[in-house]
Amino acid sequence: MTRVSTRMLAALSLVGVAAAAGCSSDAPSSTPAVVPTAVAAPDPLRGAAVTDDDVLGAAMLGPSELPNGFTSIPDPVRDLGLDPAPGYDSPDKSGTDPAECAAVLAPVSEQLDGAASTAVARFSGPDFSSIDEDAASYSGTGAADAFASVQQAWVGCTEFSGTDADGVGVEYELAGREQPQIGDASVSVRLTTSSEGFTLISDVVVAVVDSTVMQIVVSDRSGLEPETVTAVAEAAAERIRSATPSV
């Protein structure tokens with residue numbers, strides 16, 4: 001069975017529901033629009049790829065760029081040196097209907113193979129809020145292709161349903177949101193996820209910065225202020241720009 005994205009499953013395991021968003025425009029707005037028309041990356045791209053995972057990882061968001069109350073979520077294996085989680089005999093019941101909507105919010109590197117480097121950063125905040133960042137850098141024209149792949153995953157997924165790993169039903173609604181441009185090109189959507197009376201709203205910004213595609217997901221029970229989403233996305237883009245090799 002097709003699996004829901006890692007980010008969705010993590011949220012569902014905590015609160016029985018998840019949500020996400022992304023896609024940009026000229027000015028923030030609390031009123032969702034239709035899923036936006038696809039945006040193309042610059043041609044040519046404006047900088048080289050980051051080819052080292054550690055360099056890209058060091059360019060991810062840190063606590064100082066986030067709102068008060070957010071703390072880093074360490075990776076148990078990479079950051080804490082723990083053994084990988086054991087497998088379990090119980091079947092994974094997660095999935096989406098349509099199945100292709102499982103790609104919504106999947107990390108950029110999973111939407112297009114061949115990344116020269118990848119990185120992830122996750123943060124938790126008060127009242128089930130979270131900020132997630134993933135990035136993938138590509139040689140050649142790969143970043144443009146990855147940017148297009150992320151947007152293609154939204155097509156046909158304005159409303160879809162699914163189940164979490166335990167088979168609990170989840171409903172998703174995806175809509176475009178207005179957002180000032182981030183990086184060299186960007187898009188933004190809002191994903192509202194509901195399950196068993198609980199709703200979470202995620203605003204997502206996907207941007208091209210030189211030859212890197214980053215995805216920022218800011219989630220909260222009622223949605224954070226548009227100014228906060230913009231500030232976080234701008235800080236993320238600036239950090240990635242600083243890691244790009246000079247050409």
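Counting from 1, the numbers follow the sequence of the chain as shown.
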Do side-chain atoms of Gln215 reach the backbone of Ala106 as a donor and acceptor pair under 3.5 angstrom?
yes
Closest non-hydrogen atom pair between Leu112 and Ala146, with its separation
CD2-N, 3.4 Å
Side-chain contact test, heavy atoms from C-beta onward, threshold under 4.5 Å: evaluate it for Val206 versus Trp154 and give yes or no.
yes
What donor-acceptor contacts under 3.5 angstrom involve side-chain atoms of residues 57-69, with partners at least two apart or in another chain?
| residue | atom | partner | partner atom | Å |
| --- | --- | --- | --- | --- |
| Glu65 | OE1 | Gly62 | N | 2.7 |
| Glu65 | OE2 | Arg239 | NH1 | 3.2 |

Partners meeting salt bridge (charged side-chain N to carboxylate O under 4.0 Å, His left out) with Glu234 (sequence neighbours left out)
none
Quick one: are Ser117 and Asp52 in side-chain contact, heavy atoms under 4.5 Å?
no
Look at the side chain of Asp184 and the backbone N and O of Asp210, then say whether any donor-acceptor pair between them is shorter than 3.5 Å.
yes
Mind checking whether Asp203 and Leu224 have side chains closer than 4.5 Å, heavy atoms only?
no
Can you label the angle between the Phe160 ring and the Tyr172 ring as parallel, tilted or perpendicular, going by 30° and 60°?
parallel
Over all heavy atoms of both residues, which pair between Gly156 and Cys101 is shortest? Give the atoms and the distance, please.
O-SG, 4.0 Å
Measure the shortest side-chain to side-chain distance between Arg177 and Val229 over non-hydrogen atoms and say whether it is less than 4.5 angstrom.
yes
Rounded to the nearest 0.5 Å, the CD atom of Glu159 sits from the CD atom of Glu171 at a distance of 9.0 Å
Run Ser137 and Thr51 through side-chain contact (heavy atoms from CB on, under 4.5 Å) and show every step you take.
CA-CA 7 Å; Ser137 198; Thr51 58; over 6 Å; no
Any side-chain heavy atom of Met214 within less than 4.5 Å of one from Val108?
no
Shortest non-hydrogen separation from Val50 to Ala116 and the atoms involved
O-CB, 3.8 Å
Taking the side chain as C-beta and beyond, is there a heavy-atom pair between Arg221 and Phe198 under 4.5 Å?
yes
By salt bridge (charged side-chain N to carboxylate O under 4.0 Å, His left out) - contacts of Asp54 (at least two apart)
none
Minimal heavy-atom distance between Val213 and Ala143, with the atoms involved, is CG2-O, 3.3 Å
Min side-chain heavy-atom separation Pro107-Thr118 under 4.5 Å:
no
Under 3.5 Å donor-acceptor, Ser195 side chain and Gly169 backbone
yes
Answer yes or no: is there a side-chain heavy-atom contact under 4.5 Å between Asp134 and Glu110?
no
Can you check whether Ser222's main-chain N or O pairs, donor with acceptor, with Asp220's side chain at less than 3.5 Å?
yes
Kindly give the heavy-atom pair with the smallest separation between Ser72 and Phe123, and that separation in Å.
CA-CD2, 3.5 Å
